[in-house]
Amino acid sequence: MKIKTLFLLISSLFMTACGSQLLKPDDPNSTKTPVVWSTDDTALAVVIPVNNPENPNSEQYQIVTQRPDGSDRQQITEVFPQTVMQLHYIKEQGYLIAGFKLQNGGLRIDRITPNGNAISIIETKTPAMQLCQGQKDSYAQTPLILPSPDGLWLVNLYSQTCNSLTIDFLQAGNLQTVSSYELELEQQMFFTWHPMGYLLIAGSDQTTVWQVDKDHPPLKTTAKYPRCFYPSTRSSAIAADGRHAWFEAGQVKIETGDAKKAFGCQ
């Protein structure tokens with residue numbers, strides 16, 4: 001069976017290290033046209049390319065939802081030129097999370113309802129790496145928002161200064177921040193929700209693990225280092241039964257897969 005493995009420029013497992021090259025963990029989404037399952041696996045959110053008659057060489061996209069067989073396609077957004085870097089479809093709670101790469105190198109992450117109403121959660125003007133410009137072996141987190149597995153909470157991960165990580169927990173419904181923590185960055189970090197409902201922050205040394213949730217600040221634990229970081233939450237390109245979805249040649253492709261590689265593999 002052919003399994004497509006592509007890399008996101010900015011993924012839920014990617015920390016920018018200024019002045020150094022980092023490994024990018026596998027993510028079975030494409031950079032420009034990601035496809036993710038809804039949290040109940042009954043539908044898909046898809047970024048599709050849209051032709052621009054006035055400028056055939058320009059790239060335009062649109063987010064739609066549809067059933068796995070392609071039926072019941074619904075337009076969620078208007079056409080936009082930005083690359084989508086993050087995508088989650090929290091169907092039971094009635095929203096999507098989409099991150100857009102901006103022309104200035106920054107990133108905007110929106111919460112979008114199925115009727116197309118969008119609220120910007122975070123927007124940066126410049127790439128995170130500029131926070132550490134000129135500093136060797138330094139780290140800055142590209143903005144990342146991960147919905148909890150049940151979709152009730154959002155964790156907002158970003159750097160306000162070089163070598164620091166801000167961890168904000170927000171109510172998904174009203175986007176109010178309920179708790180905020182700071183963590184010093186000494187190495188590249190990977191992130192994933194645990195099926196039990198807390199966030200794991202793992203160092204690239206493959207030994208250090210922090211556990212954090214909205215009620216408890218980051219605590220360095222002796223928990224076993226996660227076996228996987230993708231899928232990092234319930235909505236991803238991999239369904240609970242292991243089916244893998246991606247976009248190719250103008251349509252969504254779906255292959256059967258190993259359920260052991262779905263969310264919960266942590």
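Predicted model only: the values in this text are computed from it and were never measured. Note that the numbering runs from 1 along the sequence shown for the chain.
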Hydrophobic cluster membership, [X] vs [Y], 4.5 Å side-chain cutoff:
X      : Y      : value
Ile122 : Tyr95  : yes
Leu102 : Ile109 : no
Trp210 : Leu219 : no
Leu165 : Val178 : yes

For the atom pair [atom1] ([X]) and [atom2] ([Y]), what is the distance rounded to the nearest 0.5 Å?
X      : Y      : atom1 : atom2 : result
Gln62  : Ile76  : CD    : CD1   : 9.5 Å
Asn156 : Thr166 : CG    : OG1   : 8.5 Å
Thr33  : Ile48  : OG1   : CD1   : 10.0 Å
Arg67  : Gln74  : CZ    : CD    : 9.5 Å
Phe191 : Leu144 : CZ    : CG    : 6.5 Å
Gln171 : Thr177 : CD    : OG1   : 9.5 Å

Check the side chains of Thr221 and Gln211 for a donor-acceptor pair under 3.5 angstrom, ignoring hydrogens and angles.
-> no
According to the disulfide bond (SG atoms under 2.5 Å apart) rule, which pairs have a member within residues 42-131, sequence neighbours left out?
-> none
Nearest atoms (heavy-atom pairs only) where [X] meets [Y]:
X      : Y      : result
Ile254 : Ala245 : CG1-CB, 4.1 Å
Pro149 : Arg234 : O-CB, 3.7 Å
Gly94  : Pro114 : O-CD, 3.3 Å
Gly203 : Met189 : CA-SD, 3.9 Å
Ile238 : Ala262 : CG2-CA, 3.9 Å
Ala259 : Ala240 : CB-O, 3.7 Å

Basic-acidic side-chain contact under 4.0 Å: Asp241, Arg243 | yes
Under 30°, 30 to 60°, or over 60°: which ring-plane class applies to Phe80 and Phe100, parallel, tilted or perpendicular?
-> perpendicular
If the plane angle is over 60° it's perpendicular, under 30° parallel, otherwise tilted; pick one for Tyr225 and Phe229.
-> perpendicular
Main-chain N/O of [Y] paired with [X] side-chain donor or acceptor, under 3.5 Å:
X      : Y      : answer
Ser138 : Lys136 : yes
Gln266 : Gly264 : yes
Trp193 : Pro147 : yes
His88  : Ile97  : no
Asp72  : Gln66  : no
Arg227 : Cys265 : yes
Gln82  : Lys101 : no
Thr39  : Lys91  : yes
Gln187 : Asp205 : yes
Asn104 : Gly106 : yes

Residue pairs involving residues 148-177 (criterion ring pair (Phe, Tyr, Trp, His ring centres under 6.0 Å); sequence neighbours excluded) | none
Side chains of [X] and [Y]: closer than 4.5 Å at any heavy-atom pair?
X      : Y      : answer
Glu123 : Lys125 : yes
Leu199 : Asp213 : no
Trp37  : Pro68  : yes
Thr192 : Cys228 : no
Val212 : Leu183 : no
Ile90  : Ser235 : yes
Tyr230 : Ser236 : yes
Ser159 : Tyr139 : no

Can you sort out the partners of [X] under side-chain contact (heavy atoms from CB on, under 4.5 Å), two or more places apart, ordered by chain and number?
X      : answer
Thr124 : Leu107, Pro143
Leu175 : Arg111, Ile119, Ile121, Leu154, Leu170
Asn117 : Thr113, Asn115
Glu186 : Glu184

Enclosure of Gln93 CD (heavy-atom neighbours >12, cutoff 6.0 Å) = yes
